[in-house]
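So that the names make sense, note that chain A is the first sequence line, chain B the second, and so on, each numbered from 1. Any value given below was found using the heavy atoms of this structure, including those in side chains, with hydrogens, waters and symmetry copies removed.
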Amino acid sequence: MSLFDIILPLAKTNQTVFAPILSLPLPLHLAIKEIVRNKGRFFLIAVVVALITLLVLFTAGLAEGLGLGNREFIEKVNTDLIVYSDKSELLIPGSRISEGRIRDLRQFDGIADVGAIAWANVAIIVPNKEPIKVALGGVLVSHPGEPVVVQGRQLDFKRGMEAIIDKSTAVRTGLNIGDPIRIRSLVASKEKIYDLVVAGIADSNQYGLQPTMFVPHLTYEKIRPRASDIVSIDGKTPPVTFNVAFVKLNNPDDSVNMAALIESQIADSINLSREADGVKLVNKQTAWENTPGYSAQQSTLGIQRVFTLLIGLLVVGSFFRIQAMQKIAQVGVLKAIGTASWKIGLAALVQIFTVNAFGVILGAMLTWLLTLAIPPVVPIRFDGLDALRTVLLLLLIGPLGGLVAVRALLKAEPLKALGLAS
Amino acid sequence: MKTALQANTVLKTYQNAGQTINAVDHVSIEVKAGEFVALVGPSGSGKTTLLALLAGLLKPSAGQVLIDNSLLWQMNDAQRTRFRGDKIGFIFQASNLVPFLSAQENVELMLKLKGRLDRSGKARASDLLNRLGLGDRLNNLPSQMSGGQQQRVAIARALIHEPAVVLADEPTASLDTERAYQVVQTLQSLIHEQKRAGIMVTHDLRMCRYVDRVIRMRDGKVAQIIESKADLLQLSNTDH
């Protein structure tokens with residue numbers, strides 16, 4: 001049942017309830033009466049607007065979901081600067097930061113804290129379900145990089161076999177605080193199973209569109225997939241490396257200067273010793289924008305969104321333009337009997353806005369209902385402010401598309417009523 | 001009786017292929033309140049153009065049109081539009097009624113246009129429609145009424161706001177003979193009763209039995225004026 005189905009019986013039968021419309025100004029009176037008496041036609045265009053709204057909001061939600069899936073961990077990590085190895089082209093998997101380099105970073109004045117993370121992929125084995133692939137982050141406990149839990153507790157470096165899982169992992173696995181987690185990893189081409197315990201659950205912290213879990217770095221070194229199960233060569237432990245380091249500054253406003261200072265001083269020390277790669281420090285936004293495919297993906301979805309909005313503009317514009325053409329003779333009569341052009345134009349605008357608004361609201365409600373049915377693995381997220389901005393844009397676009405129709409109505413000549421035209 | 005409508009040597013010219021055509025050629029007419037006049041003549045004789053000039057829908061190339069002693073072309077567009085809503089009632093040949101308004105609402109439209117739609121206005125509209133035999137059609141849309149019923153609604157709409165002049169363009173063109181007679185007879189009686197000046201453009205000379213004067217036009221000029229009852233009756237009985 002549509003809104004029109006509710007209004008129409010009132011219009012037909014209940015003069016008292018519908019009395020306010022009788023006292024409406026002429027443009028509103030004409031606009032509303034026409035909608036009510038031609039509800040089928042107007043409902044159809046409202047449904048088309050609703051579908052366009054659904055498409056635009058879903059595209060926006062997909063862009064946000066995919067974007068968030070790529071940048072969420074970086075966006076939420078408690079850091080001012082992210083440290084990559086110099087020749088990594090700002091690609092996290094290709095970057096290597098040694099333990100020694102982290103010690104170097106800690107020596108700089110103005111640095112409050114340094115953390116680091118190493119990433120790998122493992123699968124969580126969930127009874128009666130397909131294994132769930134997650135990004136495994138090895139972090140320095142109690143330093144930037146370890147996510148803040150919203151349930152349970154932070155990692156304890158004394159308790160090695162425990163993990164923090166993010167909300168998206170918790171939702172997909174159904175794991176809770178204190179639950180055991182069984183991890184499947186590949187070591188020397190053999191499947192190895194490790195058992196850990198959930199210490200805490202952090203807010204959603206996706207990395208590379210995957211749900212995440214975080215363990216102390218020593219645990220990470222033990223359970224991460226690797227080519228060999230030999231942990232020492234000639235009695236020496238291989239050097240510990242991370243992918244990126246995180247630098248928390250005493251004065252975050254000085255991040256640009258600090259980045260330049262650290263890069264140049266480390267470069268100088270390399271020139272002297274010739275023993276390691278340099279570093280590149282960037283802020284969080286630069287880091288996520290350099291995530292492979294991020295910018296291309298966001299611009300593609302942005303263009304798709306603009307095109308969908310343009311289609312909306314054309315559909316609403318065409319519908320009301322065709323309707324205006326069909327009404328030229330009738331408008332001629334209205335003008336001949338003394339209706340001012342602006343009243344006819346205003347009536348058309350009211351009509352366009354009403355139908356468009358009905359369609360946009362219907363579309364927004366449909367979108368909301370559909371989101372309730374979407375499984376968490378689908379990367380669609382709605383940013384309230386962005387959705388509101390999109391809805392407002394759609395509300396504006398309808399009347400904008402209808403302006404051509406309004407212009408046609410304003411230009412209609414009253415002489416048409418007599419079958420004459422100048 | 002007071003003169004309601006006056007056209008003084010009105011000329012309307014058009015340019016066509018470098019030639020000037022006088023669609024209405026120095027026509028002067030005067031219609032008094034309570035008088036019903038028919039404009040007749042062959043196609044292209046200029047009767048509809050004259051009606052458009054009298055309504056203020058078309059600007060004369062020369063001459064003046066006065067309604068209720070007001071010069072139409074001394075007003076600006078907005079004033080003239082408002083003036084039409086106040087002083088003129090229209091009945092058109094086609095697309096006459098607003099399709100999404102009921103019979104009652106179509107009649108009330110003229111009062112709404114002037115911001116004068118109140119309880120008494122609504123009562124007057126339904127009374128008028130009742131008088132025209134449409135009491136059971138008040139809430140019907142135009143598409144739910146016959147052509148004759150629609151034209152009677154148009155007559156009610158043309159008269160509800162008490163205009164000085166009623167202009168009708170071929171009001172019987174789409175009606176059968178019996179309905180055409182009914183419509184014109186109703187129009188005539190209301191024009192006489194309410195003391196309006198009525199001008200009807202028609203092809204159908206049979207309708208001339210209901211008018212007080214016939215102005216026959218040819219080539220944009222007034223070719224003949226017939227006023228006597230006997231001549232009008234004879235004209236309306238001419239074998240068509």
**Asked** Taking every heavy-atom pair that is under 4.5 Å apart, which of B:Ala55, B:Pro99, B:Ala158 has the most such pairs with chain A?
**Response** B:Pro99
**Prompt:** For B:Leu167, is it the side chain, the backbone, both or neither that has a heavy atom under 4.5 Å from a heavy atom of chain A?
**Reply:** neither
**Complete:** All heavy atoms of A:Ile337 vs all of B:Met110, minimum pair found to be O-CE, 3.4 Å
**Prompt:** Can you tell which of B:His161, B:Lys114, B:Arg84 has the highest number of heavy-atom pairs within less than 4.5 Å of chain A?
**Reply:** B:Arg84
**Request:** Could you list which of residues 61-80 of chain B have a heavy atom closer than 4.5 Å to any heavy atom of chain A, in residue-number order?
**Result:** none
**Prompt:** Can you name the nearest heavy-atom pair linking A:Ala336 to B:Phe90, along with the distance?
**Reply:** O-CE1, 3.0 Å
**Prompt:** Which one of B:Val201, B:Ile88, B:Leu141 has the most heavy-atom pairs closer than 4.5 Å to chain A?
**Reply:** B:Leu141
**Asked** Nearest heavy-atom pair of A:Leu415 and B:Ala52: which atoms, and what distance?
**Response** CD2-CB, 3.7 Å
**Prompt:** With only heavy atoms counted, which part of B:Leu113 is less than 4.5 Å from chain A, the side chain, the backbone, both or neither?
**Reply:** both
**Item:** Pairwise salt bridge (Lys or Arg N to Asp or Glu O under 4.0 Å) hits with a residue in residues 369-394 of chain A, at least two apart
**Value:** A:Arg305-A:Asp386, A:Asp386-A:Arg389
**Request:** State, with a plain yes or no, whether a side-chain heavy atom of A:Gln330 is found less than 4.5 Å away from one of B:Leu97.
**Result:** no
**Complete:** In this structure, CD of B:Glu105 is separated from NZ of A:Lys33 (nearest 0.5 Å) by 3.5 Å
**Prompt:** So which residues of residues 57-66 of chain A are in contact with chain B at a heavy-atom cut-off of under 4.5 Å?
**Reply:** none
**Prompt:** Heavy-atom distance under 4.5 Å to chain B: side chain of A:Leu30, backbone, both or neither?
**Reply:** both
**Prompt:** Which pair of heavy atoms, one from B:Ser102 and one from A:Arg37, lies closest together, and at what distance?
**Reply:** N-NH1, 3.7 Å
**Heavy atoms from other residues, nucleotides or ligands near CD of B:Gln19 exceed 12 (cutoff 6.0 Å)** = no
**Any pair counted as side chain to side chain donor-acceptor pair (under 3.5 Å), so long as it reaches residues 338-362 of chain A, sequence neighbours left out** = A:Glu34-A:Gln351, A:Gln323-A:Gln351, A:Lys335-A:Ser341
**Request:** Answer yes or no: does atom CG of B:Asp219 have more than 12 heavy-atom neighbours from other residues, nucleotides or ligands under 6.0 Å?
**Result:** no
**Asked** Taking everything shown except A:Arg41 itself, do over 12 heavy atoms lie less than 6.0 Å from its CZ?
**Response** yes
